[in-house]
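Worksheet for the structure shown next.
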Amino acid sequence: MTPLAHTARQLPVWALRDPLCAAWRQQNRLVVIAPTGSGKTTQVCQMLFEDGRAGGKQIIVLQPRRVATRSVAARVAAERGVQLGGEVGYLIRFDDRASPETRILFMTEGVLLRRLQDEPDLGSVGAILFDEFHERNLFSDVALGLAKQLQASRRPDLLLMVMSATLDAEPIAKYLSGCPILRSEGRSFPVEIRHLDAPDHRPPQEVAADEVERILVSGKPGDILVFMPGVWEIQQTLNAIRSIRSREPLTLLPLYGELPPEDQDRVFQSSSHRKVIVATNVAETSVTIDGVRFVVDSGVARINRYDPALGISALRIEPISHASADQRAGRAGRTAPGECRRLWTFVNHKDRPKTNTPEIHRTDLASVVLLLRSLGVKDIVNFDLPDRMDPAAAQAALEMLERLGALDGATGGVTDIGRRMIRLPVHPRYARMLVEASNRGCVRTVALWAALVSGRDMMVRSREESAKEMLELFQTNDNSDFFTLVRAFNWAKQHGFSLDACRRAGVHALTAANVEDTYEQLLDLCEKSGIRGEDARFSDDDLLKCVIAGFADHLARRVDKGTLDCVVAGGRSGTLMRESVVQKSDLLVAAEIRQIVTRDKKELTLLGLASEVKLEWLRELLPGQLTEKVEHLYDRTQRRVACVRLLRYRDLILDHSHQNCTHPKEAAAALAREFLDDEIELPHWNHELEQWLARAALVAKHFPELELPAFDDAAKLECLSRALSGTLLYKEAKERPLLPAFRDYLTAVQRDFVNDLAPQAVTLANDKRFKLIYASDGPPAITVKLHEIFGVKEHPRLCDGKVAVLIHLAAPDGKRLASTQDLAGFWKADYPQLKRNALTKYKGVAWL
DNA sequence: GAGCACTGC
């Protein structure tokens, strides 16, 4: 045993060795809960190896990050005193340090998913350890789902072990059919956590600076780590801390993912002053800084969520979960007892989610759905995962894959195109573009485009003058933003991806260098998938047509010349990013659609990575998805109906041309709709017409056997269209009589019944006639002066006696005295009392 | 009118 290994055996997780060995001899599924510092990542795999449970087969340890995968593998190799790449190895993208001898193999989650495609039974694997499973990355969830299925079918000997740092192990143990849970101690120092006593409504940057000042004043030693949601907030916080009146000199350090590596490294270097590091979430999981004794936590993070219904992702600042807050707090206790100050109240804390939203619930599922289909999973929604896919999100992914031609709409099977796409480690949209590129002989260029967008943003927003000048140099075309990226990349490559040169040009050097690797790998994989061909005779148009193949559903049309506003297919709208070069074309596709929240809290949908589209390309490429239709639209400014031939992709109007009207009734329907939507007035829609509608409705209600039509919106539209047929102009439409069209909607017999059963006036027993008022809700009514009907006992009825008229009884001066639907009863019960009052008030009448 | 963090054959 090496001295390193000897030391490692002191790690807390070694207390679990006997229970672990006992458990995995009886079980093929285990959950291990072990917090930071327990040694689970480096030790459990070695216990398993030494115990021989994997039967000489590989033990795979899944890791979420490449950097950690490398260092952990190196650590285990050192403990065992072996060369990395022998008994202990690792496998990550672009870096393979494994050999046939490797028995303990660390790999990133995506690598395992790809391996499952080549080796569905994982015959050479004896155990899979899912490390950091609590992070709930999409790939680890899917990998566990597939491994569970494999174990339940063809590989019952395969050992699955889920290792997690969160204490809430029950759900995952339940998912693994109630398998045993083993718990280990961590090895870290206690952290005292305090919340705010009362909410502080100032920006967290200011509250955090106050808190830093309080720590400085307290005189307690130790570095301070402040969590902020983004780069802008980090700069604000640093400025606020600079203005603290403190005699203590400080080393102020920002830390975020896009920061160049040499700047990131400064947080690890020792400093003669106390370090105050203001960081994004990168410091929560990816970067660990020793020496931190104080954590100041804003309690918020920017979280990306994908809306499958809209196909748009949105980056928003959200309150973090308990799990996330605990992880942040733990950063204060790595080397000594620490303190964590949370900038939210305990009451607020109780309102927060316990855990982070698993990635499967907040991301585009197209890639994994295609992967699952290719592995024979038919029922995607019910595929047994730790968290099932949201049905709407799975459906949206299936539809996208069908539109791309990767899945057969009828059978759901993977098509030839889909099979060629599967092995490419890019989003299916870009994989589809590459398939198209192979038909057009431009694979190399499109592969570079795909590589350029597969990492983080290569162009950094820079306020430096040189970067702005360079950007203009890169933007020498006006038909695709991809060309700008390519020029920037080529420039960075010519300068050897040098940090200085790239910084001057506003290019993220490390990202650009990664693009090179991704590009080479993509080309290699394209070759293996039969996607090949670059014959130098392709044109820019060919490249842009490839973009349409991947992003047709992101087709957009500029609303006007004055703004960058666009309507996007699928009932969406957005604004073209102002740095886009595609500002002359009316039609474009955007490879990126993102919602952002501005500083003044407004939502904005931005269209980025745009490419020009020409109408004739759409006719060529999407003939089946274009519809051409003559439509009649009411023009509110001209106050007339325009007859327009509209060309659409789905709902998006691509082109229109005015023409002579050949469908008078359709044109009239446009006017009718405008009226029914209350946008215009028609004077002939009057009391008489409304009375007639009410009469017809009353008869329809009491005599269903007459089969009178209901005058619903559709019927009204039909009648109005008939009445207005032949005119396009509002000024003519408003003169048109309307009632005849409604009458003629009934048969002659039906009309006679309406006139008989619901007449306009009713004659009482004393031969006096009274005009009826029909209401839409309630009985028809007449208003009668009381003295006009003295002696009339018989109550008037309509509809063959089924409906009693409502009689409003009025005084000689018209003042309403009473209402009744039973005259005989009225005379008997109410009249005597009424008469006494009336006698005194209306002396000119002979009250009987 | 504008920017979290990871990650894959």
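To find a chain, count down the sequence lines: A is the first, B the second, and so on, and within it residues start at 1. Because the structure is predicted, anything quoted here is derived from the model rather than measured.
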Check your understanding: Between Gln521(A) (CD) and dT7(B) (P), how many Å, whole number?
Key -> 15 Å

Exercise for review: Could you state the atom-to-atom distance from CG of Leu112(A) to C1' of dT7(B) in whole Å?
Suggested key: 14 Å

**Study point:** ring-ring contact (aromatic ring centres under 6.0 Å, His included) partners of His554(A), counting only residues at least two apart
**Key:** Phe551(A)

Check your understanding: Asp121(A): what forms a salt bridge (Lys or Arg N to Asp or Glu O under 4.0 Å) with it, not counting sequence neighbours?
Key -> Arg154(A)

Point to revise | side chain to side chain donor-acceptor pair (under 3.5 Å) partners of Asp390(A), counting only residues at least two apart | key: none

Study note, to complete from the structure: With B for base contact, S for sugar-phosphate-only contact and - for none (protein heavy atoms under 4.0 Å), nucleotides 1-6 of chain B reads BBBBSS

Can you give me every donor-acceptor pair (side chain of residues 444-453 of chain A, partner residue at least two apart or in another chain, under 3.5 Å) with its distance?
residue   : atom : partner   : partner atom : Å
Thr445(A) : OG1  : Glu534(A) : OE2          : 3.2

Check your understanding: Can you tell me how far P of dG8(B) sits from OH of Tyr430(A), to the nearest Å?
Key -> 19 Å

Check your understanding: Checking all strands, does Thr285(A) fall into the base, sugar-phosphate, or nothing category for heavy-atom contacts under 4.0 angstrom?
Key -> nothing

Study note, to complete from the structure: salt bridge (Lys or Arg N to Asp or Glu O under 4.0 Å) filter on Arg594(A), not counting sequence neighbours, yields Glu592(A)

**Study point:** Interatomic distance where CG belongs to Asp364(A) and P belongs to dG8(B) [whole Å]
**Key:** 18 Å

Check your understanding: Salt-bridged, Glu436(A) to Arg432(A), with N to O below 4.0 Å?
Key -> yes

Review point. What does Ile317(A) touch in the nucleic acid at a heavy-atom separation under 4.0 angstrom: a base, only the sugar-phosphate, or nothing?
Key: nothing

Review point. Has Thr108(A) got a side-chain N or O lying under 4.0 Å from the OP1 or OP2 atom of dT7(B)?
Key: no

